[in-house]
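Mind looking over this structure? Questions follow.
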Amino acid sequence: MVIKGKPTILLVDDEDLILELLEAFLQELGFNILTARNGREALDRFAETPSDLILLDLNMPVMNGDQFIRELRSKGATTPILVVSGHEIADKSLEAEVVQSLRKPFSYSALVSSILEVLD
């Protein structure tokens with residue numbers, strides 16, 4: 001696998017175990033990883049350090065994935081979003097804002113393939 005540069009990925013999920021596992025896995029593959037546990041925290045992280053890709057869960061407390069997408073896009077950010085969730089986007093008008101989605105549970109190989117496809 002060839003990763004150009006060292007892309008930064010923002011992982012957004014309210015489940016600590018998922019964040020920890022994906023962070024370790026993706027760092028080992030050569031990505032810079034930022035994490036957030038809800039949409040509000042993710043907006044703050046993104047404002048501090050813009051990312052090359054956002055991996056986003058949808059069902060989260062404080063600010064869910066739909067709200068996050070709407071808020072991020074209202075600020076003019078065009079960063080690709082890959083939804084990794086057991087849920088579907090509730091607001092169908094936001095589907096065009098997502099480049100791909102993976103249903104939980106997913107395999108690491110499917111995740112890596114999706115990431116590389118989006119970043120290529």
Side-chain angles (χ1 to χ4, degrees):
M1 166 181 18
V2 176
I3 298 173
K4 298 172 188 165
K6 193 166 181 176
T8 298
I9 298 175
L10 174 58
L11 299 175
V12 189
D13 200 303
D14 62 323
E15 295 183 46
D16 289 338
L17 182 60
I18 289 174
L19 282 180
E20 291 169 15
L21 290 173
L22 289 179
E23 180 178 22
F25 175 70
L26 294 172
Q27 282 177 335
E28 197 166 300
L29 293 178
F31 295 102
N32 289 317
I33 303 298
L34 304 171
T35 61
R37 287 172 174 72
N38 61 62
R40 176 61 50 212
E41 195 176 305
L43 288 173
D44 293 342
R45 294 273 186 286
F46 189 83
E48 295 166 5
T49 309
S51 304
D52 299 299
L53 174 65
I54 298 167
L55 295 184
L56 179 68
D57 186 20
L58 294 174
N59 190 22
M60 299 176 290
V62 182
M63 176 185 278
N64 68 31
D66 286 14
Q67 294 164 323
F68 170 79
I69 294 168
R70 194 174 294 106
E71 185 71 22
L72 183 73
R73 295 303 189 229
S74 76
K75 295 177 184 299
T78 59
T79 302
I81 298 170
L82 172 58
V83 169
V84 287
S85 183
H87 298 86
E88 296 196 13
I89 295 173
D91 183 344
K92 297 302 179 195
S93 68
L94 295 175
E95 285 181 346
E97 302 300 329
V98 173
V99 294
Q100 279 192 28
S101 59
L102 286 173
R103 294 284 285 194
K104 287 181 183 176
F106 51 84
S107 69
Y108 280 136
S109 62
L111 177 64
V112 171
S113 293
S114 293
I115 289 171
L116 293 177
E117 186 176 316
V118 171
L119 292 177
D120 190 24

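Everything numeric here is computed off the predicted structure, so don't read it as measured data.
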#### Entry: Test applied, side-chain contact (heavy atoms from CB on, under 4.5 Å); reference residue, Leu55; option that passes from Val83, Val84, Leu102
Val84
### Query
Can you find a pair of side-chain heavy atoms, one from Leu53 and one from Pro7, that are under 4.5 Å apart?
no
### Message
How long is the straight-line distance from CZ of Arg45 back to CD1 of Ile54, given to the nearest 0.5 Å?
### Response
13.0 Å
### Query
Does the side chain to side chain contact (heavy atoms under 4.5 Å, CB included) test come out yes or no for Phe68 and Leu58, once each step is laid out?
CA-CA 9 Å; Phe68 170 79; Leu58 294 174; over 6 Å; no
### Nearest-0.5 Å distance that lies between atom OG in Ser101 and atom CZ in Phe106
11.5 Å
#### Entry: Option passing side-chain contact (heavy atoms from CB on, under 4.5 Å) with Leu34 (candidates Leu10, Leu11, Ile9)
Leu10
## Note on the structure
Value for CD (Gln67) from CE (Met60), rounded to nearest 0.5 Å, stands at 9.0 Å
### Message
Is the shortest side-chain heavy-atom distance between Val99 and Ile81 below 4.5 Å?
### Response
no
### Query
Can any side-chain N or O of Ser107 pair as donor or acceptor with the backbone N or O of Ala110 at less than 3.5 Å?
yes
Could you go through residues 15-31 and list every donor-acceptor pair under 3.5 Å that involves a side-chain atom there, pairing it with any protein atom two or more places apart or in another chain?
from  : atom 1 : to    : atom 2 : distance (Å)
Asp16 : OD1    : Arg37 : NE     : 2.6
Asp16 : OD1    : Arg37 : NH2    : 3.4

#### Entry: Full working for side chain to side chain contact (heavy atoms under 4.5 Å, CB included) between Thr79 and Asp52
CA-CA 6 Å; Thr79 302; Asp52 299 299; 5.9 Å; no
### Query
With a 4.5 Å limit on heavy-atom distance, are the side chains of Glu97 and Thr78 in contact?
no
### Query
Just how far is it from atom CE of Met63 to atom CD1 of Ile69, taken to the nearest 0.5 Å?
11.5 Å
### Task
Please check if the side chain of Arg40 supplies one atom and the backbone of Val62 the other of a donor-acceptor pair under 3.5 Å.
no
### Task
Measure the spacing between CD of Glu41 and CG of Asn38 and express it to the nearest 0.5 Å.
5.5 Å
### Query
Can Asp57 and Asp14 be said to form a side chain to side chain contact (heavy atoms under 4.5 Å, CB included), step by step?
CA-CA 8 Å; Asp57 186 20; Asp14 62 323; 3.3 Å; yes
### Query
Does the pair Leu82 and Leu56 meet the rule for a side chain to side chain contact (heavy atoms under 4.5 Å, CB included), with working shown?
CA-CA 6 Å; Leu82 172 58; Leu56 179 68; over 6 Å; no
